[in-house]
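Quick note on labels: first sequence line is chain A, next is B, and so on, each numbered from 1. Bear in mind the structure is a predicted one, so any value in this text is a computation, not a measurement.
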Number of protein chains: 2
Amino acid sequence: MRLEGALADRDAWTADRCSLDRAVQAVGSRSALLLMREAFYGTRRFDDFARRVGITEAVTASRLRELVAAGLLERHPYREPGRRTRQEYVLTERGRDLLPVALAFMRWGDRHLSGPEGPPVRLTHHGCGAPVQVHVCCDAGHELAVDEVAAAPGGRDRPEDGDDGDGRGADTGGNGGAGGDGGGERPAR
Amino acid sequence: MRLEGALADRDAWTADRCSLDRAVQAVGSRSALLLMREAFYGTRRFDDFARRVGITEAVTASRLRELVAAGLLERHPYREPGRRTRQEYVLTERGRDLLPVALAFMRWGDRHLSGPEGPPVRLTHHGCGAPVQVHVCCDAGHELAVDEVAAAPGGRDRPEDGDDGDGRGADTGGNGGAGGDGGGERPAR
DNA sequence: TGCCTGGCTATGGATTCTCATAGCCAGAAG
DNA sequence: CTTCTGGCTATGAGAATCCATAGCCAGGCA
């Protein structure tokens with residue numbers, strides 16, 4: 001990784017606003033990540049989360065509350081005939097945006113931590129059947145190795161960067177427009 | 001996400017060998033991830049790690065030892081003139097493979113957690129200057145949304161990603177030059 | 001009315017992670 | 001030899017996370 005501009009001297013700046021740090025603090029616990037995995041698998045109900053993840057109901061309640069507070073999940077009331085009203089937990093746009101994180105972890109584990117039996121779950125593209133990967137690439141389509149990534153000081157939006165710098169709520173839902181850039185948004189399908 | 005084959009009934013199987021879980025247990029702590037971030041930034045020495053990450057030397061020593069044991073970093077002795085021999089910590093192939101995880105977290109934080117000031121660090125492709133993204137896509141080049149990912153039972157075989165546990169060094173995602181590109185591996189747009 | 005059940009909460013204790021502080025060791029300096 | 005310094009380790013306290021075990025509450029059911 002190459003440090004550019006004001007970042008060039010690594011001792012001249014601190015990473016106190018680091019997005020990686022913030023993200024890890026927000027959703028980096030094991031149980032939170034496993035709950036998100038289940039949400040990606042389609043789970044919506046409290047006790048399904050607890051049972052499928054294999055954590056206690058107390059932890060489930062606590063993490064689910066945090067994930068809702070952080071905006072990754074939303075509570076929606078539902079009611080089955082003859083049953084009382086319950087809450088289900090559904091992914092928000094922000095929660096869905098965490099997919100690359102979950103899959104990147106999963107793929108790394110597949111590659112480096114699965115024993116001779118191989119990985120337990122295989123991911124493919126439902127449309128074409130090809131294996132799923134998580135890539136680091138630039139908007140021009142090049143895949144990058146570590147030493148091809150350049151880090152420069154950030155700041156408010158620059159036209160180039162394809163996404164809303166804002167954060168909070170600004171859903172990328174359907175393509176927030178954002179950057180003129182002409183790339184980096186939703187794929188064709 | 002679509003569950004296929006034996007996975008279709010989510011209550012008929014348990015995720016006890018889950019790669020995501022294993023990966024998180026192995027390198028999911030905040031300090032470990034931040035140390036890896038510093039390693040990606042180019043840091044190699046003990047006290048630089050401690051100071052730049054902002055954790056105590058005790059934690060630094062402990063995590064660094066774990067990361068070496070897990071094969072993400074390697075200790076190499078070095079010696080400056082007039083100084084005694086020291087150890088430096090350098091990324092292994094397995095450690096470099098964690099880049100998508102770190103950057104996926106970072107990008108998510110950039111997008112959803114950075115305040116009005118915007119993200120503190122901007123990542124670009126050193127070669128072409130375009131912003132860096134982390135994509136979930138299939139080998140055919142399609143970028144995938146959550147509901148396009150299919151999960152099927154895994155197992156050994158599958159030459160492509162069946163890479164074993166001890167595997168260091170293998171592969172690196174066939175791309176090597178990557179660059180050739182012109183449309184090959186990139187997300188379809 | 002009273003009991004039962006599914007969904008969620010509360011409490012206590014064991015682990016794990018982190019910080020703060022102090023200590024150890026191999027050379028360099030004197 | 002003694003002292004100093006950079007690199008690393010050890011120890012104990014506090015916080016976060018997790019498990020196990022109750023407990024509560026709304027509504028269905030008898």
Practice task
Report the residues that fulfil salt bridge (Lys or Arg N to Asp or Glu O under 4.0 Å) with A:Arg75, sequence neighbours left out, ordered by chain and then residue number.
Solution key: none
Problem - Set of residues satisfying salt bridge (Lys or Arg N to Asp or Glu O under 4.0 Å) with respect to B:Asp11, sequence neighbours excluded - result: A:Arg51, A:Arg52
Handout entry: ring-ring contact (aromatic ring centres under 6.0 Å, His included) against A:His126, all qualifying residues, sequence neighbours excluded
Key = none
Problem - Residues touching DNA chain D, which here means a heavy atom under 4.0 Å, drawn from residues 35-66 of chain B - result: B:Phe46, B:Asp47, B:Glu57, B:Ala58, B:Ala61, B:Arg65
Problem - Bounds of contact between DNA chain C and chain B, in 5' to 3' order, using a heavy-atom cut-off under 4.0 Å - result: C:dC17 to C:dA28
Exercise for the section: Go through the structure and list residues passing side-chain hydrogen bond (donor to acceptor under 3.5 Å, both in side chains) with B:Thr14, not counting sequence neighbours. Expected result: B:Asp16
Practice task
Can you sort out the partners of A:Arg63 under salt bridge (Lys or Arg N to Asp or Glu O under 4.0 Å), two or more places apart, ordered by chain and number?
Solution key: A:Glu66
Completion exercise
By salt bridge (Lys or Arg N to Asp or Glu O under 4.0 Å), A:Arg10 pairs with (sequence neighbours left out) B:Glu38
Fill in the blank from the handout: Here the ring-ring contact (aromatic ring centres under 6.0 Å, His included) pairs for residues 5-52 of chain A, sequence neighbours left out, are A:Trp13-B:Tyr41, A:Tyr41-B:Trp13
